[in-house]
Asks: 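Pasting a structure below so you can have a look.
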Amino acid sequence: ERAHSYGRRALKIHLNQKDIHALPFRAFEKEIDEFNKSDLNVIYWCAAAWGGWINSNLHSMNAIAELPKVIALMKWVVKTDESFNSGRAHLFLGVFYSALPTMLGGDSNVALRHFEKNIEITKNRSLLPYVLMAEYYTRQIFDRKRHDELLKYVIQHSVFPDSSYALENKISQQRANLLLDTADDFF
């Protein structure tokens, strides 16, 4: 809640305008078209906080109704500089397109491209895209074989302590173990 509030205020101050969160979607899209590359840092972190807030409020239809705005911001980030913050906007979009059913805008092919792009951007040093691909993409398409292969790859991968991804990779390995242990409950 606090990160979302800070993100809203930062965006309002940075853009020196009214709260664009409250705009109808079409007007919101027009505002996005006016963003500059210099806005990238604020836009990304605002969208990430906003998305986290939505995720923690999935019981609220009002929160879920704001998701298209976050998706629009993340698409803008990808269009502006897809490698920003190690390509995390691609991960966000990969999870989004995997998690939703097709009739609600999900698209497993688009999701896969976002996950693969994040792997490319991180030069295969981050294990997180493999875990998220297993958790969201392979479960959406019911591909147990690929699910298990991805998770086993993560578990067996060496984590180098001097890597900037060391902590993330250790946590990814723990998550991979949990997902592999509970796979029979899903598939």
Asks: Give the minimum heavy-atom separation between Gly94 and Ala111, together with the two atoms involved.
Replies: O-CB, 3.4 Å
Asks: Using ring-ring contact (aromatic ring centres under 6.0 Å, His included) as the criterion, list what pairs up with Phe187, not counting sequence neighbours.
Replies: His147
Asks: Carefully, step by step, assess Lys30 and Glu34 under the rule salt bridge (charged side-chain N to carboxylate O under 4.0 Å, His left out).
Replies: CA-CA 7 Å; Lys30 287 181 183 173; Glu34 302 300 317; over 6 Å; no
Asks: Is Arg139 close enough and on-axis enough to Phe186, meaning under 6.0 Å and within 45°, for cation-pi?
Replies: yes
Asks: Suppose we screen for side chain to side chain donor-acceptor pair (under 3.5 Å). Which residues come up paired with Glu66, at least two apart in sequence or across chains?
Replies: Trp50
Asks: When you group the ILVMFWY residues by side-chain heavy-atom contacts below 4.5 Å and let the links chain together, are Leu150 and Ile121 in the same group?
Replies: no
Asks: Compare all side-chain heavy atoms of Phe96 with those of Asp107 and state whether any distance is below 4.5 angstrom.
Replies: no
Asks: Could you go through Leu127 and Tyr153, starting from their C-alpha distance and side-chain angles, then the distance that decides it, and tell me whether this counts as side-chain contact (heavy atoms from CB on, under 4.5 Å)?
Replies: CA-CA 9 Å; Leu127 299 176; Tyr153 171 80; 4.2 Å; yes
Asks: Return the CG to CD1 distance between Leu58 and Ile54, rounded to the nearest 0.5 Å.
Replies: 8.5 Å
Asks: Looking at Asn57 and Ala63, what are the two nearest heavy atoms and their distance?
Replies: O-CB, 3.6 Å
Asks: Any sub-3.5 Å donor-acceptor pair from Ser163's side-chain atoms to Tyr165's backbone N or O?
Replies: yes
Asks: Looking at CH2 of Trp45 and CG of Leu73, how far apart are the two atoms once the value is rounded to the nearest 0.5 Å?
Replies: 14.5 Å
Asks: Using side-chain heavy atoms (C-beta onward) and a distance below 4.5 Å, is Thr138 in contact with Gln140?
Replies: no
Asks: Would you say the side-chain atoms of Asp39 pair up with the backbone N or O of Phe35, donor to acceptor, closer than 3.5 Å?
Replies: no
Asks: Quick one: does Phe115's side chain get under 4.5 Å of His90's, heavy atoms only?
Replies: no
Asks: Under the salt bridge (charged side-chain N to carboxylate O under 4.0 Å, His left out) test, which residues partner Lys69, sequence neighbours left out?
Replies: none
Asks: Would you say Val95 and Ile64 are hydrophobically clustered, going by side-chain heavy atoms of ILVMFWY under 4.5 Å?
Replies: no
Asks: Show me the donor-acceptor pairs, under 3.5 Å and distance only, between side chains in residues 174-181 and residues at least two apart or in other chains.
Replies:
unit_1, atom_1, unit_2, atom_2, d
Arg175, NE, Glu135, OE1, 3.4
Arg175, NH2, Glu135, OE1, 3.4
Arg175, NH2, Glu135, OE2, 2.5
Asn177, ND2, Gln173, O, 3.3

Asks: Does Ser126 use its side chain to pair, donor to acceptor, with the backbone of Thr122 at less than 3.5 Å?
Replies: no
Asks: Any idea which heavy atoms bring Gly87 and Asn118 closest together, and the distance?
Replies: O-ND2, 2.9 Å
Asks: Could you state whether Tyr137 and Val110 fall into the same hydrophobic cluster, counting links through intermediate Ile, Leu, Val, Met, Phe, Trp or Tyr residues with side-chain heavy atoms under 4.5 angstrom apart?
Replies: no
Asks: Give a yes or no on whether the backbone of Tyr44 and the side-chain of Asn85 come within a donor-acceptor separation of less than 3.5 Å.
Replies: no
Asks: Can you tell me how far the NZ atom of Lys37 sits from the CG atom of Leu40, to the nearest 0.5 Å?
Replies: 7.0 Å
Asks: Should Trp76 and Leu93 be counted in the same cluster of Ile, Leu, Val, Met, Phe, Trp and Tyr side chains packed under 4.5 Å apart?
Replies: yes
Asks: Between Pro161 and Ala166, what is the shortest heavy-atom contact and its length?
Replies: O-CB, 3.7 Å
Asks: Who are the side-chain contact (heavy atoms from CB on, under 4.5 Å) partners of Glu116, not counting sequence neighbours?
Replies: Leu112, Arg146
Asks: For Asn55, check side chain to side chain donor-acceptor pair (under 3.5 Å) against everything at least two apart and list the hits.
Replies: none
Asks: For Ala89 and Val77, work out which heavy atoms get closest and say how close.
Replies: CB-CG1, 3.8 Å
Asks: Ignoring hydrogens, what is the shortest heavy-atom contact between Ser172 and Val131? Give both atom names and the distance.
Replies: O-CG2, 3.4 Å
Asks: After noting the C-alpha distance and the side-chain angles of Glu120 and Lys117, does the key distance pass the salt bridge (charged side-chain N to carboxylate O under 4.0 Å, His left out) rule?
Replies: CA-CA 5 Å; Glu120 178 187 320; Lys117 190 63 179 177; 3.0 Å; yes
Asks: Does Asp81 reach the main-chain N or O of Ser83 with its side chain, forming a donor-acceptor pair under 3.5 Å?
Replies: yes
Asks: With a 4.0 Å cut-off, would you call Asp184 and Arg144 a salt bridge?
Replies: yes
Asks: Would a single hydrophobic cluster contain both Phe92 and Ile43, if residues Ile, Leu, Val, Met, Phe, Trp and Tyr are joined by side-chain heavy-atom contacts under 4.5 Å?
Replies: yes
Asks: Is the side chain of Thr182 donor-acceptor paired with the backbone N or O of Asp185 at a distance under 3.5 Å, no angle test?
Replies: no
Asks: Can you tell me if Asn169 uses its side chain to pair, donor with acceptor, with the backbone of Arg125 under 3.5 Å?
Replies: yes
